[in-house]
Amino acid sequence: MGEAELMALKNFDFLARSFARMRAQGLKVDMEAITGNMTDAQRVWFCERFQRYCEQAQCAREQEKKLAAQQSRTVQGSSKLEEESA
């Protein structure tokens with residue numbers, strides 16, 4: 001694999017990660033437009049990486065929601081304790 005091809009893969013990986021983050025934020029991602037000029041091999045590789053990053057982003061969002069729910073319960077519990085002691 002040549003240096004130019006490695007650089008292209010690194011760029012595609014960055015793009016796949018960026019577009020996955022955009023999708024996780026609720027933005028529309030048009031895969032046809034993104035992959036339109038790629039070769040078949042590049043498209044397959046890119047789509048696999050994109051899917052992997054989408055799954056990672058989804059897991060991260062689920063973890064964030066769980067953490068936020070735990071923090072909310074902790075704050076509510078603290079408020080109840082403060083009310084009871086007042």
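Hydrogens, waters and symmetry mates are skipped; everything else that's a heavy atom, side chains included, is used. On a predicted model such as this, the values are computed, not experimentally measured, just so you know.
Sorted by first and then second residue, the pairs that involve residues 39-48 and meet side chain to side chain donor-acceptor pair (under 3.5 Å), not counting sequence neighbours, are T39-Q42, D40-R43.
The neighbour count for D30 CG, taken as heavy atoms of other residues, nucleotides or ligands under 6.0 Å away, is above 12.
Contact check for F50 versus M31: side-chain heavy atoms found under the 4.5 Å cut-off.
With sequence neighbours excluded, the residues that form a side-chain contact (heavy atoms from CB on, under 4.5 Å) with Q71 are L67.
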Donor-acceptor pairs under 3.5 Å, side chain of residues 15-25 to any protein atom, not counting sequence neighbours: which ones?
residue	atom	partner	partner atom	Å
R17	NH2	D13	OD2	2.8
R17	NH2	Y53	OH	3.2
S18	OG	F14	O	2.9

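Between the CD atom of Q70 and the CZ atom of R73 there is a distance of 5.5 Å, given to the nearest 0.5 Å. Rounding to the nearest 0.5 Å places SG of C59 at 7.5 Å from CD of Q63.
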